[in-house]
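Structure first, then comments.
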Amino acid sequence: MRLRDGRRLAYTITGPASGRPVLYCHGAIGTPVHATVDLERITRRLAIRYIAPSRPGIGGSSAHAGRTLLDFAVDVEQLLDRLALDHVDIAGVSAGGPYALAVAHAIPERVGRVALCSSLSPLCAPHRTPGMQRRIRLALAVVHGAPQPCAKLGNALLPLIARH
């Protein structure tokens, strides 16, 4: 979809149209999954309408230079308007956790429950999260220190990973 500022927001929807709307905020290295047989089965069984937007610069969503966590909430509100949804629950996984909290903070009248799983803290940089395993902290520090080279390497590896 096109946002008011002209950027694109990519999203997928899985599950019955009459299902309870749940917004999924994906982690750092993944974009929302495309509908699979298992996801279709699960969302049908649980009567969930699973809405999975890609954050700016990820998947088919346009980049948004200088964005903040709260800017994502503005994008989500436009998505909810487009889908004619007054109310959603939110699930945030890993790096998606702070985004889920930002949406709940920015538009509380449109958010019911919020669930976080293995969430990063919105209070510190990911590579400084207390208690995180050293190997993960080091990898995140490299990404933080050299985002452009890491993005190029990741984009170059995606076709290889997809084949395997």
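Residues take their numbers from the sequence shown, with the count starting at 1. Keep in mind that this is a model prediction, so the values were computed, not measured.
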* Asked: Which atom pair, heavy atoms only, marks the closest approach of V114 to A104?
  -> CG2-CB, 3.6 Å
* To do: Evaluate the criterion side-chain contact (heavy atoms from CB on, under 4.5 Å) for residue pair H26 and R55; output intermediate values, then yes/no.
  => CA-CA 8 Å; H26 63 83; R55 289 193 306 271; 3.6 Å; yes
* Of all heavy-atom pairs between C150 and V143, which one has the smallest distance, and what is that distance? -> SG-CA, 3.8 Å
* To do: Look only at the side chain of D71 and the backbone of T68, and say whether a donor-acceptor pair between them is shorter than 3.5 Å.
  => yes
* **Gap separating the CG atom of D5 from the NE2 atom of H64, nearest 0.5 angstrom** => 6.0 Å
* To do: Look up atom CG in D89 and atom CZ in R20, then write down how far apart they are to the nearest 0.5 Å.
  => 4.0 Å
* To do: Apply side-chain hydrogen bond (donor to acceptor under 3.5 Å, both in side chains) to Q133 and list each qualifying residue two or more places apart in sequence or on a separate chain.
  => R135
* Does D81 reach the side chain of R110, with side-chain heavy atoms less than 4.5 Å apart? -> yes
* **Interatomic distance, Y24 atom OH to I90 atom CD1 [nearest 0.5 angstrom]** => 13.5 Å
* Are any of the side-chain heavy atoms of H105 and L70 separated by less than 4.5 Å? -> yes
* Looking at OG1 of T43 and CG of L39, how far apart are the two atoms once the value is rounded to the nearest 0.5 Å? -> 5.0 Å
* Asked: Would you say S61's side chain and A10's backbone share a donor-acceptor pair under 3.5 angstrom?
  -> yes
* Structure fact -> So ring pair (Phe, Tyr, Trp, His ring centres under 6.0 Å) across residues 77-100, not counting sequence neighbours, yields F72-Y99
* **Joint hydrophobic cluster, L153 plus V142, side-chain heavy atoms closer than 4.5 Å** => no
* Can you name the closest pair of heavy atoms from A102 and A73 and give their distance? -> O-CB, 4.0 Å
* Please examine the side chains of E40 and T14, heavy atoms only from C-beta on, and report whether any two atoms are closer than 4.5 Å. => yes
* Under 3.5 Å donor-acceptor, S119 side chain and L116 backbone -> no
* To do: Carefully, step by step, assess R49 and V22 under the rule side-chain contact (heavy atoms from CB on, under 4.5 Å).
  => CA-CA 6 Å; R49 186 176 185 195; V22 175; over 6 Å; no
* Step through the shown structure and confirm whether more than 12 heavy atoms of other residues, nucleotides or ligands are within 6.0 Å of CZ on R41. => yes
* Asked: Would you say the side chain of L23 lies within less than 4.5 Å of the side chain of P53, judging by non-hydrogen atoms?
  -> yes
* Heavy-atom closest pair, residues L9 and S54 -> CD1-O, 3.3 Å
* Kindly indicate, with the supporting measurements, whether the criterion side-chain contact (heavy atoms from CB on, under 4.5 Å) is fulfilled by Q78 and V74. => CA-CA 6 Å; Q78 290 177 60; V74 174; 3.6 Å; yes
* To do: Measure the CG-CG distance between D86 and L80 for me, rounded to the nearest 0.5 Å.
  => 9.0 Å
* **Test log, rule side-chain contact (heavy atoms from CB on, under 4.5 Å), inputs Y50 and I13** => CA-CA 5 Å; Y50 181 86; I13 297 179; over 6 Å; no
* Closest non-hydrogen atom pair, A156 against P159 -> O-CD, 3.4 Å
* **Partner of D75 by salt bridge (Lys or Arg N to Asp or Glu O under 4.0 Å), out of R4, R2, R82, R7** => R7
* Specify the closest pair of heavy atoms between A141 and H127, including all atoms of both residues, with the distance to one decimal. => N-CB, 3.4 Å
